[in-house]
Protein chains: 2
Amino acid sequence: MLLSKACIYGMRASLFMAAMHKQNRQFVPIREVSDSLDLSFHFLTKILQQLTAAGLMESYKGPKGGIALSRPPKEIMLIEIVTAIDGDALFTECVLGLPGCGHKKACPLHDKWAYTREAIQIMFNSTSLEELASKGKRMNLRLSDELTMEDLIKSV
Amino acid sequence: MLLSKACIYGMRASLFMAAMHKQNRQFVPIREVSDSLDLSFHFLTKILQQLTAAGLMESYKGPKGGIALSRPPKEIMLIEIVTAIDGDALFTECVLGLPGCGHKKACPLHDKWAYTREAIQIMFNSTSLEELASKGKRMNLRLSDELTMEDLIKSV
DNA sequence: TCTATTTAAGACTTATTTGTCTTTAATATA
DNA sequence: TATATTAAAGACAAATAAGTCTTAAATAGA
């Protein structure tokens, strides 16, 4: 699996927040996010804490509280979410798991993998939350098993 | 992590066997492989059973027994080892983990991911054990934390 | 036939990831 | 000030991955 479940859920939640942007709301309660995306509330809470710790989200306690993206969705790249939760091992480590594998001390697959993992990195590095949120709205794409982004925004 | 530990160890063992090819030996004992690569013998045994079940290796019990590649290294592609151990989820599943994500019922990242995962698939699909084994010997590359392919072949 | 060597099979343990639940702290509003 | 609502923190449980150990079955060679 490329990304951990925690990372996948964090990405979905971030995309949900990006889609909710411009809805004239400061903070969205985590419960609303977890219900909308059909994720465990407590598990999602822990994941979102990682994103707030990384400075990608802000949280506020109490009534009218919740979470919010700390920057406009256009300025948040997917790779920030990936590294905040899964770290950068995917983009730095040897595909055969050998410690210190690199140009000088390589495994036989190093060159090909270095090229491929850069393609993965570029995918996450060049894609913003805004890009996916607007594409998702425009093309009516999914963010959960059943519901599209428009469905989700309407339902809250 | 792209590949499971089991898959990584299975790949290293397969590359070791490819490097040992043409050494005038039918079967190489698993103990020799695990000692050479500094892997757990019992764990590696279970992994190799998956490769023999998949028809990639053959095994023989008793004295002079061990394992052997069932085809010449030139005819075994890395993807066969990956799919035998980790399955094909990496090449078929949604990066956001949504069931049934595809062209018709897509997530916002589907198009980019479909392209990137194909690059990963091509990497494994177009690389044979022979290619890596000969490259490893030629360039003195590593197959364990400390030892290169030549080291390993000489030491047995 | 007996013994040593080797893989096969599977029970078992440990570590990590995933998920649940309870309590605490902050805060808006009545 | 009292209450309801919300995130934070952390204990706990379940599921999965990773790794260990023992016994059984096959086989070569003495």
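Chain A is the first sequence line, chain B the second, and so forth, proteins listed ahead of strands; every chain is numbered from 1.
- Separating the CD1 atom of A:Ile85 from the P atom of C:dT17 is a distance of 13 Å, rounded to the nearest angstrom.
- Without hydrogens or angle criteria, B:Thr127 side chain to B:Phe124 main chain gives no donor-acceptor distance under 3.5 Å.
- Using cut-offs of 30° and 60° for the angle between ring planes, the B:Tyr60 and B:Phe27 rings count as parallel.
- The structure places CG of B:Leu48 at 5.5 Å from CE of B:Met57, a figure rounded to the nearest 0.5 Å.
- Residues A:Leu90 and A:Arg117 form no side-chain contact, since every pair of their non-hydrogen atoms from C-beta on lies 4.5 Å or further apart.
- Both B:Leu48 and A:Ala6 sit near DNA chain C, but only B:Leu48 has its closest nucleotide nearer the 5' end.
- Phosphate proximity of C:dT18 to A:Ser40: absent, as no side-chain N or O sits under 4.0 Å from OP1 or OP2.
- Distance B:Gln49 CD to C:dG10 C1': 10 Å, rounded to the nearest Å.
- For A:Leu44 and D:dT6, the CG to C1' distance is 14 Å, given to the nearest whole Å.
- Comparing atom distances between the B:Ile30 side chain and each of D:dA18, C:dT7, D:dG19 picks out C:dT7 as nearest.
- Within the 4.0 angstrom heavy-atom criterion, only backbone atoms of the sugar-phosphate kind lie near B:Tyr60; the bases stay farther away.
- For the pair A:Ser59 and D:dT6, the criterion of a side-chain N or O lying under 4.0 Å from OP1 or OP2 is not met.
- Closest approach to the A:Thr45 side chain among D:dT6, D:dA8, D:dA18 is made by D:dA8 (side chain taken as heavy atoms from C-beta onward).
- When the side-chain nitrogen and oxygen atoms of A:Tyr9 are compared with OP1 and OP2 of C:dG19, one or more of them lie within a distance under 4.0 Å.
- The CD1 atom of A:Ile47 sits 13 Å away from the P atom of D:dA8 (whole-angstrom rounding).
- Comparing A:Cys7 and A:Pro63 along DNA chain C, the residue whose closest nucleotide (by nearest heavy atom) sits nearer the 5' end is A:Cys7.
- Of the candidate nucleotides C:dG19, C:dA11, D:dA8, C:dG19 has the atom nearest to the side chain of A:Phe43.
- The nearest whole Å value for the distance from the CD atom in B:Glu58 to the C1' atom in D:dA26 is 16 Å.
- Atom pair A:Arg31:CZ and D:dA8:C1' shows a separation of 15 Å (rounding to whole Å applied).
- Both cation-pi conditions hold for B:Arg31 and B:Phe41: the charged atom is under 6.0 angstrom from the six-membered ring centre and inside a 45 degree cone around its axis.
- Scanning atom types as modelled, no donor and acceptor separated by under 3.5 angstrom connect the side chain of A:Lys5 and the base of C:dG19.
- When the C1' atom of D:dA17 is taken as reference, atom CG of B:Leu39 falls 16 Å away, rounded to whole Å.
- With the nearest nucleotide of DNA chain D identified for both A:Lys64 and B:Lys61, A:Lys64 has the one nearer the 5' end.
- Nucleotide C:dT27 holds its P atom 15 Å from the CD atom of A:Gln26, rounded to whole Å.
- Place A:Gly62 and A:His42 on DNA chain D by their nearest nucleotides, and A:Gly62 ends up nearer the 5' end.
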